[in-house]
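One structure below.
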Amino acid sequence: MTPRPHWLFGDQLGPHFLDPRHGGPDVRAPVVMIEARSVLRRRRFHRAKAHLVLSAMRHRAAELGDRVTYVRAETYAEGLERALGRPVPRRPGRQDGATGPSEERGVGDRLTVCGPTSRRARDFAGALEGVETLPPRGFMVSQDDFAAWAGRSSGQGLRLEGFYRWVRERHDLLMDGDGPAGGRWNLDHENREAPPRGRETLEVRGPWQPREDAIDEEVRHDLDRWERDGDVSFVGRDGPRRFPATRREALSALRHFVTHRLPEFGRYEDAMLAADPVMSHSLLSAPLNLGLLDPAECVERAEGAYRAGEAPLNSVEGFVRQIAGWREYVWHLYWHFGEGYRHRNALHHTAPLPDWFLDLDADAVTANCLSTVLAQVRDTGWTHHIPRLMVLGSRALQDGWDPAAVTDWFHRCFVDGYDWVMLPNVTGMSQYADGGLMTTKPYTSGGAYINRMSDLCGPCAYRPAHRTGDDACPYTAGYWAFLHRHRTRLAANHRTARAVRGLDRLTDVQEVLDTAARRGSAPP
């Protein structure tokens with residue numbers, strides 16, 4: 001009997017997506033991959049992101065050789081029809097994308113696919129007759145297991161800390177017997193050091209770098225041609241490629257990080273340096289989200305470094321928390337909260353994103369922190385979690401930008417951005433648009449935080465301690481204006497009530513509000 005073909009999406013590129021030992025397709029199953037141009041036409045993606053995804057897909061197709069049918073088409077539907085040699089009709093009465101046992105003719109006997117990572121793609125695949133959706137891969141916790149944990153935890157709220165400890169225990173990860181390694185679950189207080197003063201970089205080994213090849217050259221040629229023809233439009237700059245596009249490259253990047261960069265990762269995890277945007281971060285989010293790495297192998301390799309005495313516990317725990325804690329948590333909340341979550345707007349923010357932000361026009365911005373970070377996004381499609389949250393996200397939150405538009409911007413402009421990644425991260429964590437379902441408070445601050453955690457304020461035209469006047473820091477004035485605008489809500493939150501009471505000690509509140517209002521949507 002000939003095995004059923006297996007459809008491989010562009011973020012399912014690692015060998016674990018084709019492994020029959022863990023629910024994957026038969027080892028002899030032919031593979032279908034579809035490069036759908038409509039994906040790039042629908043949205044204005046970062047050019048480096050488009051390059052990375054297409055390069056990774058084409059590299060994977062080259063590895064699979066004759067086993068794969070690789071189709072370049074306008075849409076997924078057209079690509080499937082060309083790959084299979086016939087139309088793939090929708091299932092009668094199954095327009096919601098539901099999958100599972102069915103008596104409908106032909107269902108489940110023609111094509112398999114691992115659960116896609118976006119709701120839109122999963123609904124599309126699930127609504128096609130003859131397509132069987134297998135459980136999703138690339139995560140440590142199954143959706144059934146998360147649902148069981150969430151049911152037990154609903155009384156205390158679905159907070160990261162409880163989930164993270166549960167994952168650690170369940171996977172025997174960084175555990176010494178029944179307790180956490182070192183006796184503590186959370187080493188965050190050791191991972192919040194300001195950057196070393198007087199140094200422009202951390203002086204650690206630089207991140208792993210790939211070498212481009214003929215496939216990258218072909219991708220860049222195609223993107224240039226599509227742009228010239230007016231088929232697509234991008235933001236940002238492309239090249240050279242900075243992130244892995246193959247399994248071999250991803251493993252090299254992982255080994256390089258654990259060996260050379262993990263030991264210094266923890267203490268400066270939340271710090272920022274203008275000349276060292278990568279610092280000791282792993283840059284593994286992109287290959288993880290392309291499916292080139294499995295999260296379990298990342299955390300296990302990091303724990304191995306700790307057990308061998310090659311990396312301190314605070315660094316390893318911080319990295320494990322990012323992968324086995326936060327990444328898993330965000331993935332499951334994306335599905336748990338449902339489609340309506342993307343329309344949440346608890347703070348009623350509706351301002352449009354300004355053109356300078358949409359275009360990544362860092363040169364239009366005076367505030368050094370924002371200009372520096374925006375330039376990093378423009379040039380690489382990446383910056384680490386603190387600039388994302390406390391510079392980019394905080395600016396959007398303070399200025400009251402539409403959270404759905406902010407989420408879309410992060411999705412398009414970051415090489416590691418996908419719907420499941422950015423919807424909870426931005427709507428919930430960054431913009432507090434869910435009103436506290438995901439986090440206990442809004443994450444924003446005045447310029448003092450940025451000044452303490454970076455070297456970005458020294459050369460800036462604005463002063464972090466000034467909230468009024470021509471040299472008032474946009475983040476300082478914006479912070480107080482944000483508290484004032486949402487005073488009633490924030491005064492009732494024990495995490496923010498003290499900050500709100502600080503408004504009463506200001507003698508220049510109206511002047512602060514006027515300072516923030518004058519800037520409006522103009523570049524700060």
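Numbering starts at 1 and runs along the sequence shown.
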Could you check whether F234 and H46 have their ring centres less than 6.0 Å apart?
no
pair [X]-[Y]: side-chain heavy atoms closer than 4.5 Å:
X	Y	value
M33	M57	yes
L128	L80	yes
L360	R237	no
L358	D355	yes
L284	F319	yes
E161	W185	yes
F414	W409	yes
R342	D419	yes

Side chains of [X] and [Y]: donor-acceptor distance under 3.5 Å anywhere?
X	Y	value
T440	R495	yes
D416	S285	yes
N425	W326	yes

Is a side-chain donor or acceptor of [X] paired with a backbone partner of [Y] at a separation under 3.5 angstrom?
X	Y	answer
T372	A274	no
Q398	W480	no
N191	N314	yes
E264	L202	no
R388	T383	yes
N186	D188	yes
E190	G266	no
T476	R467	no
H281	P207	no
S38	E74	yes

Evaluate D470 against R518 for salt bridge (charged side-chain N to carboxylate O under 4.0 Å, His left out), listing each step before the verdict.
CA-CA 11 Å; D470 293 339; R518 276 198 304 273; 5.5 Å; no
Take the angle between the ring planes of [X] and [Y] and call it parallel below 30°, perpendicular above 60°, tilted in between.
X	Y	value
H332	F146	parallel
Y341	F337	parallel
W331	F139	parallel

What's the verdict on ring pair (Phe, Tyr, Trp, His ring centres under 6.0 Å) for Y76 and F9, showing C-alpha distance, side-chain angles and the deciding distance?
CA-CA 10 Å; Y76 283 122; F9 272 87; 5.4 Å; yes
Search all heavy atoms of [X] against all heavy atoms of [Y] and return the closest pair with its distance.
X	Y	value
F243	A286	CD2-CB, 3.9 Å
R159	T439	NH1-N, 3.4 Å
V330	P424	O-CG, 3.6 Å
T133	G115	CG2-CA, 3.7 Å
T496	P442	CG2-CD, 3.9 Å
A271	A194	CB-C, 4.3 Å

How long is the gap from [atom1] on [X] to [atom2] on [Y], to the nearest 0.5 Å?
X	Y	atom1	atom2	result
L483	L503	CG	CG	5.5 Å
C457	N451	SG	CG	4.0 Å
S55	L290	OG	CG	9.5 Å
R378	D363	CZ	CG	5.5 Å
M390	M453	CE	CE	10.0 Å
E328	F163	CD	CZ	5.5 Å

Using a 6.0 Å distance limit plus a 45 degree cone around the ring axis, check whether K49 lies over the aromatic ring of F410.
no
Cationic tip of R37 within the cone over W226's six-membered ring, i.e. under 6.0 Å and within 45° of the normal?
yes
Other residues, nucleotides, ligands: >12 heavy atoms within 6.0 Å of [X] [atom1]:
X	atom1	answer
H484	NE2	no
R120	CZ	no
D229	CG	yes
E200	CD	no

Please walk me through it: do R501 and D504 pass salt bridge (charged side-chain N to carboxylate O under 4.0 Å, His left out)?
CA-CA 6 Å; R501 289 195 296 271; D504 297 330; over 6 Å; no
Could you walk me through whether R199 and D455 pass side chain to side chain contact (heavy atoms under 4.5 Å, CB included), step by step?
CA-CA 9 Å; R199 284 165 51 183; D455 62 354; over 6 Å; no
Audit row: R452, D270, salt bridge (charged side-chain N to carboxylate O under 4.0 Å, His left out) steps and yes/no:
CA-CA 11 Å; R452 181 172 70 254; D270 288 359; over 6 Å; no
Test side chain to side chain contact (heavy atoms under 4.5 Å, CB included) on M438 and L333 and set out the steps.
CA-CA 8 Å; M438 186 175 174; L333 289 187; 3.8 Å; yes
Full working for side chain to side chain contact (heavy atoms under 4.5 Å, CB included) between L288 and I323
CA-CA 9 Å; L288 270 166; I323 305 299; 3.6 Å; yes
If you apply the rule salt bridge (charged side-chain N to carboxylate O under 4.0 Å, His left out), what do you find for R267 with E193, and how did you get there?
CA-CA 6 Å; R267 60 191 300 199; E193 287 192 32; 3.3 Å; yes
Walk me through whether L347 and L397 qualify under side chain to side chain contact (heavy atoms under 4.5 Å, CB included).
CA-CA 9 Å; L347 301 181; L397 184 65; 3.9 Å; yes
